[in-house]
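Let me begin by presenting the structure, written as structure tokens, before commenting on it.
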Amino acid sequence: MKLAVLGLGNMGSALAHCLLKSGHDVSVWNRTPEKAEVFAEVGATICSSPNDAIAASDFVIICIKSHTETVELVNGLSFSLEGKTICDMSTGDTSDADRLVAILEKQGAGYMLGMINAYPSGIGGDETTILTVGSAGTWDRYGSVIGNLGGKSAHVGEKPAALAALFAGLFTVRQGFMFGMIYGALVCQKAGIPMQVYADQLPATIKLVKDYHDLFARTVPTEDYDNAEASLKVYAMAQEDALKTYLSLNAPADFIRLMHDRTKTAWDDGHGDRQLTSLVQHMTDA
Ligand SMILES: NC(=O)c1ccc[n+]([C@@H]2O[C@H](COP(=O)([O-])OP(=O)(O)OC[C@H]3O[C@@H](n4cnc5c(N)ncnc54)[C@H](OP(=O)(O)O)[C@@H]3O)[C@@H](O)[C@H]2O)c1
């Protein structure tokens, strides 16, 4: 299998080095040619244009500024991409990703888009994740190449929106946690609790987040929300207590109010004895 890496910035260089180390046959190209020179010493074929690199390869990884530049690059090629598979690892929005996929499909090329969840130093790691979407069969053919770059890599669907939605969904988890700490700090500050005391108490609470994940993973994929150890109505009552505390201390209460409103509505609709995670089902059906 012949591979190419187009774009040898920090990330593209890491990808190319990793593939070469894994024993692949790799052609490389970079807009500023000097950055490509070092790859001659490690066995890559240096190409003077994207055309040459793509012509020499079956699977082409592009890692440049963003999807916008990849669309320009692909539009500037002087031959058909029929039979090639193009994998864009550049970051970008979904409209550019859709545009790129449409161009590649029109030319009869396979496509893959990858979201790299790592710094360049993490490329090649067993725990590194690159999430991909791609046209039918591309993961079967080239998933092992992506697996070389990140041991925990996965294929998550065909359409670019799947990648964007997964990013949004996972980002929301991290941001929800961050905003929880921020709002928590505000209510504690109002009560005169030193921020160091609050910060010192967070690790014990963070340990419970693991239990939250276990419960989520056990119940949401199977939609088995019965036999709750702590039921949704118990959470609703605790949220109401917390909401009252925020209000009585005049702390910003919109975050906890949102949680309480959602939970109380599900309780009112008959989910009171179920798991809190049954909110996924309730809010889907609402
Ligand atoms: N670095 C990270 O930690 C990281 C993590 C995840 C994802 N990414 C994504 O990986 C992509 C590359 O990031 P990077 O860190 O490697 O950036 P970088 O070090 O700044 O390198 C940018 C690369 O893009 C090329 N480039 C820019 N505009 C171009 C154009 N119009 N035509 C052709 N090539 C062009 C540059 O070529 P020249 O050398 O000629 O300027 C260079 O090879 C970005 O989309 C980034 O979001 C990076």
Side-chain angles (χ1 to χ4, degrees), residues 3-21 26-42 44-57 59-79 81 84 86-101 103-104 111-134 145-156 160 162-171 174-175:
L3 309 179
V5 177
L6 273 54
L8 300 168
N10 291 324
M11 185 52 87
S13 290
L15 299 173
H17 276 301
C18 178
L19 294 174
L20 287 159
K21 245 196 229 162
V26 185
S27 296
V28 296
W29 170 82
N30 192 64
R31 180 180 63 176
T32 307
E34 291 72 32
K35 282 190 198 162
E37 283 166 9
V38 22
F39 284 88
E41 294 155 27
V42 283
T45 304
I46 313 294
C47 297
S48 55
S49 72
N51 287 296
D52 291 351
I54 295 171
S57 316
F59 185 60
V60 179
I61 294 176
I62 302 180
C63 188
I64 58 176
K65 195 172 168 194
S66 76
H67 290 327
T68 314
E69 284 72 22
T70 303
V71 168
E72 279 168 21
L73 187 151
V74 168
N75 276 334
L77 295 172
S78 57
F79 62 96
L81 290 170
K84 308 284 182 188
I86 308 293
C87 171
D88 195 14
M89 299 255 186
S90 318
T91 308
D93 64 36
T94 37
S95 67
D96 275 341
D98 283 335
R99 218 149 52 94
L100 176 61
V101 165
I103 294 165
L104 295 174
Y111 68 85
M112 200 187 264
L113 304 178
M115 181 175 37
I116 304 172
N117 291 320
Y119 293 113
S121 57
I123 294 303
D126 292 343
E127 296 298 315
T128 297
T129 308
I130 301 177
L131 298 177
T132 70
V133 292
V145 175
I146 307 299
N148 281 152
L149 300 170
K152 286 265 164 75
S153 298
H155 172 70
V156 297
L163 208 52
L166 200 60
F167 166 74
L170 296 172
F171 181 62
R174 300 194 291 272
Q175 288 285 288

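None of the values given here were measured: they were computed from a predicted structure. All ligand and atom numbering here is 1-based and tracks the order in the structure. The chain is numbered in sequence order, starting from 1.
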So which bit of [X] gets within less than 4.0 Å of ligand 1, heavy atoms only: side chain, backbone, both or neither?
| X | answer |
| --- | --- |
| A118 | backbone |
| K65 | both |
| N117 | neither |

Atoms in ligand 1 with a heavy atom of Y119 nearer than 4.0 Å: 3 (O)
Closest protein heavy atom (residue, atom, distance) for atom 31 (N) of ligand 1: E69 CG, 3.3 Å
Atom 46 (C) of ligand 1 [closest protein heavy-atom partner, distance rounded to 0.1 Å]: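 The protein heavy atom lying closest is T91 OG1, 3.5 Å.
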For the 3.5 Å polar cut-off, considering only N or O atoms, please tell me whether [X] and ligand 1 meet it.
| X | value |
| --- | --- |
| S66 | no |
| C63 | no |
| W29 | no |
| M11 | yes |
| S90 | no |
| I64 | yes |

Donor-acceptor contact present, side-chain T132 to main-chain M112, <3.5 Å: no
Check: S90 side chain, I64 main-chain N or O, donor-acceptor pair, under 3.5 Å: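 Such a contact is found between S90 side chain and I64 backbone.
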Sub-4.5 Å side-chain heavy-atom contact between I146 and M89: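 SC-SC contact between I146 and M89 confirmed.
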Heavy atom of protein inside 4.0 Å of atom 20 (O) of ligand 1, strictly below: no
Qualifying residue for side-chain contact (heavy atoms from CB on, under 4.5 Å) with D88, from D96, L113, L104: L113
Contacts of E34 that satisfy side chain to side chain donor-acceptor pair (under 3.5 Å) - sequence neighbours left out: none
Sequence neighbours excluded, every pair satisfying salt bridge (Lys or Arg N to Asp or Glu O under 4.0 Å) that has a member inside residues 111-131: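 Applying salt bridge (Lys or Arg N to Asp or Glu O under 4.0 Å) to every pair that reaches into residues 111-131, excluding sequence neighbours, yields E127-K152.
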